[in-house]
Amino acid sequence: MLQVNYLRANKDEAIARLKVKNFQEISLVETIVANDDERKKLQSRLDEIQSKINAASKEIGLLMAKGNKEDAAAKKEEVAELKSALLPISEELTSVEKNIYEDLVKLPNLPHNSVPAGTSPEHNEVVREGGQKPTLHKGALPHWDLAKKYELINFELGNKVTGAGFPFYKGQGAKLQRALIQYFLDFNTGKGYTEYEPPLMVNEASAYGTGQLPDKEGQMYHATEDNFYLIPTAEVPLTNIYREDIVKENELPIKMTAYTPCFRREAGSYGKDVRGLNRLHQFDKVELVQLVHPDNSYEVLEEMLLHVESLLQSLELPYRILRLCGGDMSFASALTYDFEVYSAAQKKWLEVSSVSNFEIFQTNRMKIRFKNADGKIQLVHSLNGSSLALPRIVAALLENHQVRDGIKVPKALQPYFGKEMID
RNA sequence: GGAGACUUGUCCGAGUGGUUGAAGGAGCACGCCUGGAAAGUGUGUAUACGGGAAACUGUAUCAAGGGUUCGAAUCCCUUAGUCUCCGCCA
C-alpha cells in the first residue's frame with residue numbers, strides 16, 4: 001500500500017510510474033488525494049467538537065462536586081447538542097476513510113526506475129545467463145517420464161488420495177526433496193539468515209498484511225470453520241512476525257529463512273503448463289525474507305540475487321536472470337528479478353525463483369517500522385525471494401542431469417542425498 | 001469441550017466512574033560525577049491522525065470491537081488470548 005502523503009507530494013511522478021506498470025485507473029490518484037483533503041477537514045471539525053465535549057464534561061464534574069445541579073443540567077444539554085452535531089460528521093469521516101483505503105489498496109506499487117516498460121514476458125530484460133546447457137543423449141525424457149521411470153513421484157496416487165496437483169514423492173524422490181530442503185536451509189543459514197519453522201495456516205489479519213487479501217482470496221485454501229488460510233508461501237507468516245512492530249535501527253537487517261509447504265488453489269490453470277511438476281497445488285519451498293533499512297534495500301536486493309545465483313551454480317544448472325518489465329511484475333513489487341532454469345528436455349525456461357524489493361508497499365500496510373538516529377519513526381523496506389522452489393528445481397535437475405542409466409546428483413547435494421546417482 | 005482467574009506503557013506494577021496518557025519501580029538515552037567503569041544524581045523516554053515555520057497544541061488509544069454515561073482503564077456485552085483445575089487426545 002502506497003502512502004497518501006507521498007502521492008500528494010509526487011502526483012505526476014506517481015502517475016508516470018503507474019503507467020509503466022500498465023495501471024489503468026490513473027484517476028484514482030487524484031481521487032485519493034481529494035478524499036484525503038476532505039478527511040483532514042472532517043477530522044479537524046470532529047476534534048474541535050470532541051474537545052468542547054471533553055471540556056464541558058469536566059465542568060459538569062466540578063459543578064456536581066459543588067452541588068450545583070442546575071448549571072450541571074444545563075451543561076448536559078449543551079453536550080447533548082454537541083453530540084448530535086458530532087454523529088453525522090463522524091459517520092462521514094468513517095465513510096471517507098473507507099473510500100481512501102479501498103482506493104489505496106487498488107494501487108499497485110510504483111516500479112523502480114530501472115524497470116523496463118512492457119506488457120508481457122517478451123519485454124523482460126535478460127540481465128545475464130550462466131551455467132552450461134547440457135547436450136542430452138538421444139531419447140532424453142521430460143521429468144514426468146523420468147519421475148515414473150525411477151519411481152520418484154506418483155501423480156496418479158495423489159489424484160486418488162487428494163486431487164490433481166497433490167503428488168506423492170516416493171523412495172529416492174522423497175529423499176531428494178528432503179536433501180534439497182536441508183541443503184537450501186543450510187546454505188541460507190550459512191549466509192546469516194535465521195531459520196524459522198512457521199505455522200502453515202494464518203489468520204485473516206496476516207493474510208491482509210502481506211496483501212493476499214482482499215484481492216487474491218480465491219488463490220488461498222480457506223479453512224472456514226476457524227477462518228484460517230493455508231499459506232501460499234512462507235513469506236506470509238515470516239513477514240507477519242514483525243507486523244505492527246517498531247524495531248531498533250541496529251536490529252536491521254532482519255534476515256529470515258524458512259522451509260514450508262505452499263498451498264495454492266491456482267484456480268483456472270489448465271493445459272500443458274500444468275503438466276508434471278510445473279504447477280502444483282501443494283509444493284515445497286525455502287523462502288528468504290529480509291526487512292532492511294530503506295537506504296540500502298537495493299544493495300540488499302543485489303546481494304540476494306548473488307545468493308540465489310550461487311545456489312543455482314552449485315546445482316550445476318543453466319540459468320538466466322530476468323529483470324521483469326512493468327506489466328509482468330507482481331502488484332506489490334517495485335523491482336523483481338526472476339531466475340529461470342533451462343529445461344533441456346522441455347526445451348523451455350522454467351521460473352525457479354523470484355527475488356523482489358517491495359520497498360514500503362508491504363511494510364506500510366503492516367506498519368513495520370524502526371526508529372532512526374533522530375528518533376523518528378520510519379517504515380522499513382521488505383524483500384523476499386525463493387531459494388528455492390522445489391518442484392521446478394527437481395524438474396530441472398532430473399531433465400538436465402539425466403544420462404542413459406540414471407540421473408547424476410550435483411556434487412553439492414551428494415552429502416545430503418547420500419548417493420551420486422538416482423537410478 | 002466444562003469451570004474459574006486474568007489481559008494496563010519497552011518490562012514489572014498501581015489504579016473500580018471525574019484535571020489518569022495513566023502513580024511507583026526497572027530498563028533505555030543524554031548530562032553531571034569518575035583517570036575509566038560501577039554506584040550515585042539530574043533530565044528525558046508511547047503510537048496514530050489533525051493544526052502550527054517552530055515551540056507547542058487538539059483528538060484517539062489501558063487485548064480488540066460494541067454499549068451504558070455529561071464523563072469509562074474503571075460498569076455491561078461480544079470476540080481473541082493467557083493462566084489454573086477437570087475432561088479428551090497425538
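All chains are named by letter (A, B, ...) in the order of the sequence lines, taking the proteins before the strands, and each is independently numbered beginning at 1. The structure displayed is predicted, hence computed values, not measured ones.
The separation of B:U7 from B:U16, taken at their P atoms, amounts to 12 Å, rounded to a whole angstrom. Taking atom C1' in both B:A46 and B:C28, one finds a spacing of 14 Å when rounded to whole Å. For the P atoms, the distance from B:G13 to B:G66 is 29 Å, rounded to whole Å.
Proximity of A:Arg39 to the phosphate of B:G50: a side-chain N or O atom is located under 4.0 Å from OP1 or OP2.
Taking atom NZ of A:Lys248 as the reference point, atom C1' of B:A29 lies 11 Å away to the nearest angstrom. Per the geometry, CG belonging to A:Leu62 stands 17 Å off P belonging to B:C70, to the nearest Å.
For residues 358-371 of chain A, proximity to RNA chain B is found at A:Arg369, A:Lys371, defined as any non-hydrogen atom under 4.0 angstrom from a strand atom. Contacts between residues 44-60 of chain A and RNA chain B, defined by a heavy-atom separation under 4.0 Å, are made by A:Ser44, A:Asp47, A:Gln50, A:Ser51, A:Asn54, A:Ser57, A:Ile60. Contacts between residues 93-100 of chain A and RNA chain B, counted as heavy-atom distances below 4.0 Å, involve no residue at all.
Closest contact between the side chain of A:Gln43 and the listed nucleotides B:C49, B:U47, B:C70 involves B:C49. For A:Met64, the side-chain atoms get nearest to B:G18 when compared with the rest of B:G51, B:U47, B:G18.
Annotation: side chain of A:Leu383 is not in contact with side chain of A:Val355 (no heavy-atom distance under 4.5 Å).
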Treat a base pair as Watson-Crick or G-U wobble with both distances under 3.5 Å, then lay out RNA chain B in dot-bracket form, 5' to 3', with | for cross-strand pairs. ((((((((.[[[..)..(.....]]]((((((.......))))))((((((....)))))).[[[[[..)....]]]]])))))))....

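Among residues at least two apart or in separate chains, side-chain hydrogen bond (donor to acceptor under 3.5 Å, both in side chains) pairs with a member in residues 9-25 of chain A are A:Lys11-A:Glu30. Among residues at least two apart or in separate chains, ring-ring contact (aromatic ring centres under 6.0 Å, His included) pairs with a member in residues 215-244 of chain A are A:His222-A:Tyr229. Residue pairs meeting the side-chain hydrogen bond (donor to acceptor under 3.5 Å, both in side chains) criterion with at least one member in residues 289-306 of chain A, sequence neighbours excluded, are A:Tyr193-A:Gln290, A:Glu249-A:His293, A:Gln290-A:Glu303, A:Ser297-A:Asn357, A:Ser297-A:His381, A:Tyr298-A:Glu359, A:Glu302-A:Tyr337.
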Donor-acceptor list for residues 45-56 of chain A side chains, cut-off 3.5 Å, not counting sequence neighbours:
residue: A:Asp47; atom: OD1; partner: A:Gln43; partner atom: NE2; Å: 3.4
residue: A:Gln50; atom: NE2; partner: A:Asn54; partner atom: OD1; Å: 3.4

Scan the side chains in residues 78-94 of chain A for donor-acceptor partners under 3.5 Å anywhere in the protein, sequence neighbours excluded, and list what turns up.
residue: A:Ser84; atom: OG; partner: A:Glu81; partner atom: O; Å: 2.7
residue: A:Ser90; atom: OG; partner: A:Leu87; partner atom: O; Å: 3.3
residue: A:Thr94; atom: OG1; partner: A:Ser90; partner atom: O; Å: 2.8

Enumerate, atom names and distances included, each donor-acceptor pair closer than 3.5 Å involving a side-chain atom of residues 152-168 of chain A, sequence neighbours excluded.
residue: A:Asn154; atom: OD1; partner: A:Glu156; partner atom: N; Å: 3.1
residue: A:Asn154; atom: OD1; partner: A:Leu157; partner atom: N; Å: 2.9

Without placing hydrogens or testing angles, list every side-chain donor-acceptor pair under 3.5 Å for residues 105-117 of chain A, not counting sequence neighbours.
residue: A:Asn109; atom: ND2; partner: A:Ala332; partner atom: O; Å: 2.9
residue: A:Asn109; atom: ND2; partner: A:Phe358; partner atom: O; Å: 3.1
residue: A:His112; atom: ND1; partner: A:Ser114; partner atom: N; Å: 3.2
residue: A:His112; atom: ND1; partner: A:Ser114; partner atom: OG; Å: 2.9

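The ring-ring contact (aromatic ring centres under 6.0 Å, His included) check on A:Tyr6 picks up nothing, with sequence neighbours excluded.
Ionic pairing of A:Lys40 and A:Asp37 is not present here: no N-O contact between side-chain nitrogen and carboxylate oxygen is shorter than 4.0 angstrom.
When each of A:Lys75 and A:Asn5 is assigned the nucleotide of RNA chain B with its nearest heavy atom, A:Asn5 is the one assigned upstream, toward the 5' end. Map A:Ile377 and A:Lys76 each onto its nearest nucleotide of RNA chain B; the residue landing nearer the 5' end is A:Ile377.
Environment of CD in A:Glu125: crowded, with over 12 heavy atoms of neighbouring residues, nucleotides or ligands closer than 6.0 Å.
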